[in-house]
Amino acid sequence: MGKVYRVIVCGMKNVGKTLILEQVIYGKHKNTTVTFPTIEDIYVANVETDRGTRERIRFYDTSGIDPSLSPMSPTGDQSCMMNACNQLARQYNGTTDGYILIYDVSRSDSLDCLITMKKEIDKIRDKKEGFYVIVANYKGGKSNTDLPNNIGRAIQWANKEKLRHFEVNAFDKLTLYEPFTYLASKISSAPSKSSFSQLSVVRKSTKTDSG
């Protein structure tokens with residue numbers, strides 16, 4: 001068996017993480033489908049890359065950050081959100097290859113959550129390479145007047161962080177392929193640096209000892 005890549009799917013609760021995963025893998029959800037809060041689930045799928053190959057990826061569907069911890073909530077503040085994001089980042093750090101960060105376009109607090117989460121993940125990883133995609137889910141449709149502002153802010157942030165931003169509709173499977181294909185292509189083409197750096201050190205020390 002070839003390598004199985006590890007991807008963490010995270011964001012605030014109730015932004016459509018599970019719906020997006022199950023739709024892109026199984027394609028079984030409709031607008032009338034009833035979903036339930038996720039505790040933690042694991043999905044394994046063969047995802048096609050832009051090179052035409054298929055890579056096996058294990059997706060970890062996290063329970064998400066509680067909206068009550070958001071600074072926009074009467075019971076939350078920035079430190080609450082940071083602590084929750086830090087705990088999630090530590091829990092799934094390990095050998096993670098990539099992250100799918102999902103927000104609900106109609107909720108600015110869910111975007112704020114991603115911004116905080118990305119900062120905490122970067123702290124935990126301590127400069128170790130990891131690939132991200134930002135996914136904007138039009139969960140409530142495109143009629144909300146706040147949508148252009150949230151999308152514009154998200155794109156500006158993603159560009160600053162040099163991340164790809166995708167707009168999807170969880171009930172439209174065709175919109176979901178691109179972010180998953182992009183991430184699978186990136187994580188499977190990343191060069192392995194550790195073995196070459198170790199080999200270089202061995203050669204240098206051997207040369208020094210023999211001299």
Side-chain angles (χ1 to χ4, degrees), residues 7-24 35 38 47 50 59-73 76-86 88-89 92 96-125 129-187:
V7 170
I8 311 303
V9 183
C10 47
M12 190 169 275
K13 287 181 180 290
N14 199 32
V15 295
K17 300 185 302 297
T18 301
L19 193 61
I20 287 173
L21 273 174
E22 295 199 347
Q23 187 77 312
V24 75
T35 57
T38 301
V47 181
D50 56 15
F59 295 97
Y60 292 79
D61 183 15
T62 66
S63 60
I65 302 299
D66 195 318
S68 67
L69 300 178
S70 167
M72 298 176 65
S73 168
D77 58 37
Q78 188 60 33
S79 62
C80 290
M81 179 68 78
M82 288 177 64
N83 288 337
C85 291
N86 183 278
L88 186 144
Y92 292 98
T96 301
D97 298 293
Y99 298 85
I100 299 178
L101 306 183
I102 300 176
Y103 71 101
D104 180 348
V105 180
S106 65
R107 294 171 51 196
S108 57
D109 61 340
S110 67
L111 175 58
D112 293 334
C113 178
L114 293 198
I115 294 172
T116 301
M117 186 172 292
K118 169 70 165 53
K119 289 179 180 177
E120 295 305 311
I121 292 173
D122 286 345
K123 286 180 186 177
I124 299 301
R125 291 187 67 85
E129 189 172 29
F131 295 98
Y132 299 83
V133 294
I134 311 302
V135 175
N137 182 21
Y138 281 91
K139 187 178 177 184
K142 296 190 177 185
S143 60
N144 192 309
T145 56
D146 291 334
L147 300 189
N149 180 55
N150 289 338
I151 284 290
R153 190 162 65 95
I155 292 174
Q156 185 178 31
W157 168 64
N159 288 340
K160 181 181 177 181
E161 295 289 323
K162 298 181 180 180
L163 307 176
R164 282 291 303 273
H165 178 278
F166 298 89
E167 298 178 34
V168 307
N169 182 333
F171 294 106
D172 184 355
K173 190 174 181 179
L174 293 178
T175 68
L176 303 178
Y177 291 128
E178 190 177 5
F180 284 82
T181 297
Y182 173 82
L183 185 60
S185 303
K186 284 293 184 181
I187 61 178

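Counting from 1, the numbers follow the sequence of the chain as shown.
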Asn159: what forms a side-chain contact (heavy atoms from CB on, under 4.5 Å) with it, not counting sequence neighbours?
-> Ile155
Looking at residues at least two apart in the chain, or sitting in another chain, which of them share a salt bridge (Lys or Arg N to Asp or Glu O under 4.0 Å) with Lys118?
-> Asp122, Glu161
Qualifying residues under side-chain hydrogen bond (donor to acceptor under 3.5 Å, both in side chains), relative to Asn83, sequence neighbours excluded | none
For Tyr182, the ring pair (Phe, Tyr, Trp, His ring centres under 6.0 Å) test, sequence neighbours excluded, returns Phe166
Mind jotting down which residue pairs meet the salt bridge (charged side-chain N to carboxylate O under 4.0 Å, His left out) criterion with at least one end in residues 171-183? Sequence neighbours excluded, please.
-> Arg164-Glu178
Sorted by chain and residue number, the side-chain hydrogen bond (donor to acceptor under 3.5 Å, both in side chains) partners of Thr181 (sequence neighbours excluded) come out as none
Pairing residues for Asp112 by the salt bridge (Lys or Arg N to Asp or Glu O under 4.0 Å) criterion, not counting sequence neighbours = Arg153
Taking only residues two or more places apart in sequence, or in another chain, which ones meet Thr175 in a side-chain hydrogen bond (donor to acceptor under 3.5 Å, both in side chains)?
-> none
Phe131 meets the ring pair (Phe, Tyr, Trp, His ring centres under 6.0 Å) criterion, sequence neighbours left out, with none
Which residues satisfy the side-chain hydrogen bond (donor to acceptor under 3.5 Å, both in side chains) test with Gln78, sequence neighbours excluded?
-> Thr116
Listed partners of Ala136 passing side-chain contact (heavy atoms from CB on, under 4.5 Å), at least two apart | Tyr103, Val105, Ile151, His165, Glu167
Does Tyr60 have any ring pair (Phe, Tyr, Trp, His ring centres under 6.0 Å) partners at least two apart in sequence or in another chain, and if so, which?
-> none
